[in-house]
Amino acid sequence: MIIPKSMIVGTGSAIPDKVLTNSDLEKIVDTSDEWIRTRSGIEKRHIAADDQFSSDLGAEAAKKAMVSAGVAAEELDYIIVATITPDVGFPSTACFIQEKLAAYNATAMDIAGACTGFIYALELADSLIQAQKAKTILIIGVETLSKVTDYTDRTTCVLFGDGAGAAILKPAENGRGVLGTYTKSNGSLHYLLHMPGYGTKNPPTLASIEKRLNYIKMAGKEVFKFAVTAMGDAAVKILENTGLHNDDIDLLIPHQANLRIIDATAKRINIPADKVFVNVQNFGNTSAASIPLALDEAISSGRLQQGNTVVLVAFGAGFTWGSAAVKL
Ligand code: UT7
């Protein structure tokens with residue numbers, strides 16, 4: 001029997017006010033509400049304001065998680081932020097969030113795990129608590145993907161949205177907590193989903209901007225195929241590693257990229273539709289924010305309650321993929 005070492009004691013989320021609907025996108029690129037809904041399940045997405053950045057959304061989600069956990073800023077030992085849309089090249093977005101929270105006892109760091117980032121952060125936080133390096137850890141998944149989305153490219157611009165979700169972890173009590181995590185990467189497939197012009201390789205020059213290298217590029221079909229297999233594998237692995245049976249799962253929260261990938265993942269481990277959380281229709285693909293946003297919505301709406309077992313599964317650029325099982 002698994003004895004959890006860390007548990008989630010609070011969650012929070014934040015989304016920008018501005019909404020971009022499929023019919024808004026019909027006016028921007030050659031697309032249709034029907035195409036977007038049937039291929040992805042997305043109906044709308046939230047878009048950050050011009051002066052709203054990942055650290056703003058991340059800090060807002062973090063403050064709500066801290067209130068729900070009853071944790072004060074000075075108690076935080078680590079702030080781990082999963083994002084691929086940092087405010088600046090450096091320092092980390094976690095450092096900006098630390099300032100916004102005035103959480104100066106914490107070590108602040110970013111993880112660039114793309115859509116799997118929150119599961120990477122959860123695995124790291126669980127390990128730090130297991131190693132007794134920390135007692136209270138804030139993990140955040142946040143993205144402002146709209147700022148790196150090419151609104152002239154219909155193959156990507158209909159998919160992405162902005163948002164943030166956060167969770168606080170503490171040492172486990174009463175058998176509650178992280179039952180297991182599973183993470184993988186395959187860096188040889190980096191070119192299928194990437195943003196080439198962001199770092200030192202293609203710095204922002206006039207030429208790189210003219211080539212639109214500062215935007216997300218995706219080979220959708222190839223990514224789709226790999227995502228279906230990888231998310232299915234990650235779901236199977238977490239059941240094997242934890243000894244959980246699919247009947248033990250109260251809710252499956254897959255990364256919200258595409259309704260068809262979500263359905264395929266649930267099918268792979270035989271989870272009925274009523275135990276699968278879906279909010280992709282409202283937020284689109286928010287990368288690292290997708291799972292914590294969904295987790296917070298599932299908890300605050302009462303769909304998940306203390307004692308329930310939730311399985312999280314994600315896949316993203318890198319490629320990266322992974323899963324986690326948590327008894328809340
Ligand atoms: O977050 C983790 C990583 N991301 C993902 O998991 C996303 C993975 N990929 C996908 O979700 C899907 O591949 C998409 C939703 C992006 C695309 O769906 P698809 O069924 O794979 O479509 P497709 O790329 O094969 O495109 C089919 C057709 C093409 O036209 P032709 O060549 O058949 O004439 C595209 O040009 O649809 C066309 N198309 C569009 N049409 C209207 C592509 N984008 C659009 C669009 N509106 N926005």
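First listed ligand is number 1; within each ligand, the first listed atom is number 1.
- There is no protein heavy atom less than 4.0 angstrom from atom 32 (O) of ligand 1.
- Protein heavy atoms are found less than 4.0 angstrom from atom 19 (P) of ligand 1.
- Numbered from 1 in the order shown, with element, the atoms of ligand 1 that lie under 4.0 Å from a heavy atom of Arg260 read 18 (O), 19 (P), 20 (O).
- Atoms of ligand 1 found under 4.0 Å from any heavy atom of Val223 (numbered from 1 in listed order, with element): 3 (C), 4 (N), 5 (C), 6 (O), 8 (C).
- In this structure, Lys147 places its NZ atom where more than 12 heavy-atom neighbours from other residues, nucleotides or ligands lie under 6.0 Å away.
- Using a 4.0 angstrom heavy-atom cutoff, Leu159 counts as in contact with ligand 1.
- Taking a distance limit of 4.0 Å, we find that atom 1 (O) of ligand 1 is approached by some protein heavy atom.
- In this structure, Lys237 places its NZ atom where only 12 or fewer heavy-atom neighbours from other residues, nucleotides or ligands lie under 6.0 Å away.
- Counting atoms of ligand 1 from 1 in the listed order, those under 4.0 Å from a heavy atom of Gly220 are 8 (C), 9 (N), 13 (O).
- Distance screen at 4.0 Å: atom 29 (C) of ligand 1 has no protein heavy-atom neighbour inside the cut-off.
- Look at Arg37 and Asp33 and you find a salt bridge, because one of the NZ, NE, NH1 or NH2 atoms lies within 4.0 Å of a carboxylate O, short of that distance.
- Cluster membership check: Tyr198 does not share its hydrophobic cluster with Ile209, using side-chain heavy-atom separations under 4.5 Å among Ile, Leu, Val, Met, Phe, Trp and Tyr.
- Neither the backbone nor the side chain of Thr156 has a heavy atom within less than 4.0 Å of ligand 1.
- Between Phe226 and Phe319, the two ring planes are tilted [angle within 30° to 60°].
- Geometrically, ligand 1 and Arg39 share a nitrogen or oxygen pair separated by less than 3.5 Å.
- Only the side chain of Leu193 comes within 4.0 Å of ligand 1, judged by heavy-atom distances.
- Annotation for ligand 1: atoms under 4.0 Å from non-hydrogen atoms of Val158 are 48 (N).
- Note that atom 13 (O) of ligand 1 has protein non-hydrogen atoms nearby, at separations under 4.0 angstrom.
- Considering backbone and side-chain atoms together, Ser40 places no N or O closer than 3.5 Å to any N or O of ligand 1.
- For atom 15 (C) of ligand 1, the closest heavy atom belonging to the protein is Asn258 ND2, 3.6 Å.
- Using a 4.0 Å cut-off between a side-chain N of Lys or Arg and a carboxylate O of Asp or Glu, Arg268 and Asp233 qualify as a salt bridge.
- Here Thr31 has heavy atoms under 4.0 Å from ligand 1 in both its backbone and its side chain.
- Counting heavy atoms from C-beta on, the side chains of Phe224 and Arg260 come closer than 4.5 Å.
- With respect to the salt-bridge test (charged N to carboxylate O, under 4.0 angstrom), the residues Asp77 and Lys135 do not qualify.
- Contacts between Trp35 and ligand 1, counted as non-hydrogen atom pairs separated by less than 4.0 Å, involve the side chain only.
- A salt bridge between Lys100 and Asp56 is present, with a side-chain N of the basic residue lying under 4.0 Å from a carboxylate O of the acidic one.
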